[in-house]
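Reading through the structure tokens given below for one structure.
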Amino acid sequence: MADIELTTPGWTHTYSGKVRELYASTVLPPRVLMVATDRVSAFDHVLEPAIPGKGELLTRLSLWWFDQLEGMPNHLAPREEWSSIPPEVASRAMLVRELTMYPIECVVRGYLSGSGWVEYQESQSVCGVPLPAGLRDGDRLPEPIYTPAWKAPLGQHDENISYERTVELVGETVAAALRDLSLAIFGRASTIAEARGVILADTKFEFGVDDDGVVRLADEVLTSDSSRYWDAAAYASGNRIASFDKQIVRDWMKANWDGTGEPPALPADIVERTAARYRELIATLTGA
Ligand SMILES: CCOC(=O)Cn1cc(-c2ncnc(N)c2C#N)cn1
């Protein structure tokens, strides 16, 4: 990994994700700086080259969604503290309260696609949740389903788990809260997106708890990295999955890599088309 320390003093690098870096403040109260890079990952690999502007675009999308989800406590630090964000990353960073994170990926699916479609064909269920017969790839589910995963340490695969397993991991009260909050947020976000001509097919939330015991929506929220977004008009006309997310990259990888060894570099047109889809999604949803 290229040198990732910030040139601005007062920050210590603490964690590298596939596409984001975390830093701890050495001067503020417990705060975490979450910096989004332009890196793109698919099939558990970080791909080359980076997608120009991706980090900034997805940060803007996260911040817009946090604002839309008023009333839902989140991990953003008070905006008056944001002047302390290093200018070198300010356009693609979020300053957040340090939380104790729950090890649960709170996945909500409103449509049948991706790994869910593969599993459905074999078992007429997704993550153990039984579904009606006769569904097709891309179909809207009768109602959104909560299909949690255990958040594995970096480098390991997240593992789909049952709701009962989440109870064992975090207790009944918190497990129920994570499920209910995830389904409620998904419902509100779907309504907001559909009013703008965009289908939110599925997404993944993460939550943590602060020192006062408040459960807060954390991580990035409803970005093209944590969600599948489709164009509603294209979907209605039968193009079931004209996507606004990484599908361009996934489809190219499936057609040009056998999954062994290091993945090939993305061609320039795939990089540009992906950047353009990110820009189009943010413009469509936020108007900016
Ligand atoms: C670099 C990628 O980060 C992650 O994978 C997710 N992650 C989040 C935390 C976290 N830790 C304390 N406080 C928080 N508010 C958060 C948040 N969000 C740790 N890992």
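Whatever order the structure lists them in is the order used to number ligands and atoms, beginning at 1.
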Please determine whether side chain to side chain contact (heavy atoms under 4.5 Å, CB included) holds for the pair L266 and V40, giving the CA-CA distance in whole Å, both sets of side-chain angles, and the decisive distance to 0.1 Å. CA-CA 10 Å; L266 299 172; V40 61; 4.1 Å; yes
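- Among protein heavy atoms, atom 11 (N) of ligand 1 sits closest to M101 CG, 3.7 Å.
- Between R97 and ligand 1, at least one pair of N/O atoms sits closer than 3.5 Å.
- Relative to the six-membered ring of Y111, R228 misses at least one condition, a distance below 6.0 Å or an angle of at most 45° to the axis.
- Listed by number with element, the atoms of ligand 1 under 4.0 angstrom from any heavy atom of E98 are 13 (N).
- The side chain of K151, and not its backbone, has at least one atom closer than 4.0 Å to an atom of ligand 1 (non-hydrogen atoms only; side chain from C-beta on).
- Ionic pairing of E194 and R140 is present here: one or more N-O contacts between side-chain nitrogen and carboxylate oxygen are shorter than 4.0 angstrom.
- We find that D219 and K204 are joined by a salt bridge, their nearest charged nitrogen and carboxylate oxygen being less than 4.0 Å apart.
- The contact set between ligand 1 and M34, taken as ligand atoms under 4.0 Å from a residue heavy atom, comprises 8 (C), 17 (C), 18 (N).
- Summarising the local packing, CG of D211 is surrounded by 12 or fewer heavy atoms from other residues, nucleotides or ligands at distances under 6.0 Å.
- For E220, the heavy-atom gap to ligand 1 stays at 4.0 angstrom or more.
- Between R279 and E272, at least one side-chain nitrogen of the basic residue sits less than 4.0 Å from a carboxylate oxygen of the acidic one, meeting the salt-bridge criterion.
- Inclusion of S16 in the set of residues having an N or O under 3.5 Å from an N or O of ligand 1 is not warranted.
- Scanning the protein heavy atoms around atom 7 (N) of ligand 1, the nearest turns out to be L22 CD1, 4.1 Å.
- The closest protein non-hydrogen atom to atom 6 (C) of ligand 1 is D219 OD1, 3.5 Å.
- Atom CD of Q156 is surrounded by more than 12 heavy atoms from other residues, nucleotides or ligands within 6.0 Å.
- For ligand 1, the atoms sitting less than 4.0 Å from at least one non-hydrogen atom of V96 are 15 (N), numbered in the order shown with element in parentheses.
- Residue contacts with ligand 1, taken as heavy atom pairs separated by less than 4.0 Å, involve H75 solely via side-chain atoms from C-beta onward.
- Checked by distance only, ligand 1 and L99 come closer than 3.5 Å through their nitrogen or oxygen atoms.
- Between S62 and V221, the shortest heavy-atom distance links the atoms OG-N, 2.9 Å.
- The residues E21 and R39 are annotated as salt-bridged, a charged nitrogen and a carboxylate oxygen being separated by less than 4.0 angstrom.
- Protein heavy atom in closest approach to atom 1 (C) of ligand 1: Y15 CD2, 3.3 Å.
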